[in-house]
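One structure is given here, and the rest of the page talks about it.
Chain letters run A, B, ... following the sequence lines, proteins first and then strands; every chain starts at 1. These values consider heavy atoms only, across backbone and side chains, with no hydrogens, waters or symmetry-generated copies. Every value quoted in this text rests on a predicted model; they were computed, and no experiment measured them.
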Amino acid sequence: MRFRAKIVDGACLNHFTRISNMIAKLAKTCTLRISPDKLNFILCDKLANGGVSMWCELEQENFFNEYQMEGVSAENNEIYLELTSENLSRALKTAQNARALKIKLTNKHFPCLTVSVELLSMSSSSRIVTHDIPIKVIPRKLWKDLQEPVVPDPDFFSFCLPFLRLCKILNLQVIEANLDGELNLKIETELVCVTTHFKDLGNPPLGKCSSGLYFAFVHIDIRKLLQFLAGQQVNPTKALCNIVNNKMVHFDLLHEDVSLQYFIPALS
Amino acid sequence: MAAMLKCVMSGSQVKVFGKAVQALSRISDELWLDPSKKGLALRCVNSSRSAYGCVLFSPVFFQHYQWSALVKMSENELDTTLNLKCKLGMKSILPIFRCLNSLERNIEKCKIFTRSDKCKVVIQFFYRHDLSNAVYSEMFVGSDEFDFFQIGMDTEITFCFKELKGILTFSEATHAPISIYFDFPGKPLALSIDDMLVEANFILATLADESSRASSPQSLCLSQKRKRSDLIKKKAGKNITGQALECISRKAAPRRLYPKETLTNISALENCGSPAMKRANGDVSEVSENSVSNTEEVPGSLCLRKCDAEKNLMEVMPNISVLPDIEQYPPLPRQPEFGVE
């Protein structure tokens with residue numbers, strides 16, 4: 001197994017750092033999947049995560065000007081690593097205004113992802129900061145649990161969320177939406193019920209919907225939604241929200257070169 | 001045989017123990033440690049004798065509990081048994097048990113040890129090494145980034161980064177260069193800022209005994225192949241210019257990192273108060289910026305101040321104002337079991 005990649009473009013480096021920060025906010029531990037064309041940050045829907053799952057995908061050629069990898073075998077040309085997300089984002093913190101960033105898979109007494117940052121310095125030679133992030137290699141037999149989640153045909157529909165940011169200031173518990181481009185975010189307690197109405201949201205002609213229902217509901221844990229929203233550092237260029245009635249809500253965001261899918265299950 | 005106490009606690013036990021100390025600290029400024037077969041009693045009474053507290057930890061509270069009393073043999077064969085009489089100032093012991101939640105999380109075990117014939121109580125914290133998640137970071141800084149860089153031989157020292165960070169933050173505010181002096185592991189590391197307006201000196205202990213360091217899990221992360229010295233020096237602005245500095249800069253070219261010639265007449269920085277120890281293969285030294293002006297008249301020399309072997313750390317840096325507690329109680333070399341932060 002081999003992996004070596006290099007970023008020299010400042011904008012790409014900053015973008016990669018922001019993605020890493022976002023992942024660190026969404027998942028304490030995650031899986032990094034390295035394949036010839038893509039990098040994925042994966043969180044699978046285990047009980048430990050509260051049933052939440054995440055699939056973040058980036059095209060490697062949009063970030064790295066050098067990228068070489070060799071998977072576990074020729075037929076399975078992929079690498080799955082488990083790491084603590086915060087370790088990567090903290091290592092990348094030193095990469096602000098760096099000349100170059102190199103990431104490679106190494107074995108320094110135990111498997112590591114070595115992040116090597118070449119900093120500008122006053123002298124002719126560069127200052128190099130190296131971080132060895134411990135990782136666990138995930139064996140082939142567990143890969144099947146880490147595949148891209150299939151979005152079940154939504155009971156309702158998907159629609160665009162241009163104003164994702166606004167959701168942050170609300171306490172949300174229920175999301176309901178309908179075909180007319182209306183989204184309601186509701187919180188209900190014994191004493192009070194607060195509803196926020198969003199209108200005129202687009203309905204892309206994707207997903208099917210059940211004809212009988214006027215609104216699709218899903219009852220979710222506020223904290224999971226807030227955690228998801230807190231991780232968003234940049235307004236996405238496109239945001240879709242799919243609701244599977246009483247089952248889950250699926251967010252599909254597109255930020256420039258990165259797509260992020262986030263699944264929040266309904267409270268049982 | 002002296003009266004003694006030796007006990008070992010886990011992280012969660014330390015929390016309870018620490019809470020007891022905190023509770024007793026509200027009563028008195030003095031704490032008695034009183035071990036017996038019933039267990040370890042922490043006792044105190046206030047100065048006006050209006051409040052008394054005693055917390056007795058039974059032997060089974062501890063992971064390990066060992067104690068003994070002093071048996072005094074007398075002529076008439078009536079032996080007297082004297083229990084350990086150990087009184088501590090709350091001011092000394094309270095800070096140790098301050099961040100109890102952090103201790104509970106991070107401490108593997110805590111050892112307390114004292115003997116009646118020694119005038120100290122030793123409390124040792126052994127931190128958990130979470131190898132599985134420890135990130136090892138290394139920064140390489142070339143010698144040409146420094147105003148002055150002279151190393152006698154390849155050196156690797158370990159010290160507390162948190163303390164260094166504080167010092168570096170301060171130095172940024174002063175905009176003055178820092179000089180760093182160090183020697184082999186176990187000897188103190190000294191950082192010195194000296195300009196017209198501000199003079200600051202910080203002394204940090206370093207981990208001693210390289211060979212036992214190799215057995216500590218944390219050093220597995222340290223690249224054993226690292227040969228270069230990690231000398232860190234901030235160059236916030238040159239305030240000394242002139243020929244002497246140029247001379248030094250030239251002489252501090254990278255090739256001097258591996259001098260074939262040994263540097264003679266340079267003594268190592270000594271442990272305060274301990275006898276001079278010369279090293280066989282050349283000594284390490286570093287000259288501060290303030291001594292540059294002293295050597296202006298000898299530009300051709302090595303530009304290093306000759307330090308007498310007998311001089312202690314304080315005398316090497318002549319401008320330090322009196323630091324009475326440092327002079328009397330120099331930082332001891334950190335033994336590997338000291339408790340890595």
- Rounding to 0.5 Å, atoms OH (B/Tyr136) and OG1 (A/Thr130) come to a distance of 8.0 Å
- Query: With a cut-off of 6.0 Å (strictly less than), are more than 12 heavy atoms of other residues, nucleotides or ligands near CD of A/Glu61?
  - Reply: no
- Message: Would you say that more than 12 heavy atoms from the other residues, nucleotides or ligands in this model lie under 6.0 Å from the CZ of A/Arg4, or not?
- Response: no
- Query: If you count heavy-atom pairs under 4.5 Å between each of A/Val117, A/Val129, A/Thr94, A/Val115 and chain B, which one has the most?
  - Reply: A/Val129
- Message: Measuring from atom CG of A/Asp132 to atom CD of B/Glu138, what distance do you get when rounded to the nearest 0.5 angstrom?
- Response: 8.0 Å
- Message: Looking at A/Glu148, I want to see if its CD is surrounded by more than 12 non-hydrogen atoms of other residues, nucleotides or ligands under 6.0 Å.
- Response: yes
- Could you give the distance from CE (B/Met139) to CZ (A/Arg127), rounded to the nearest 0.5 Å? 5.5 Å
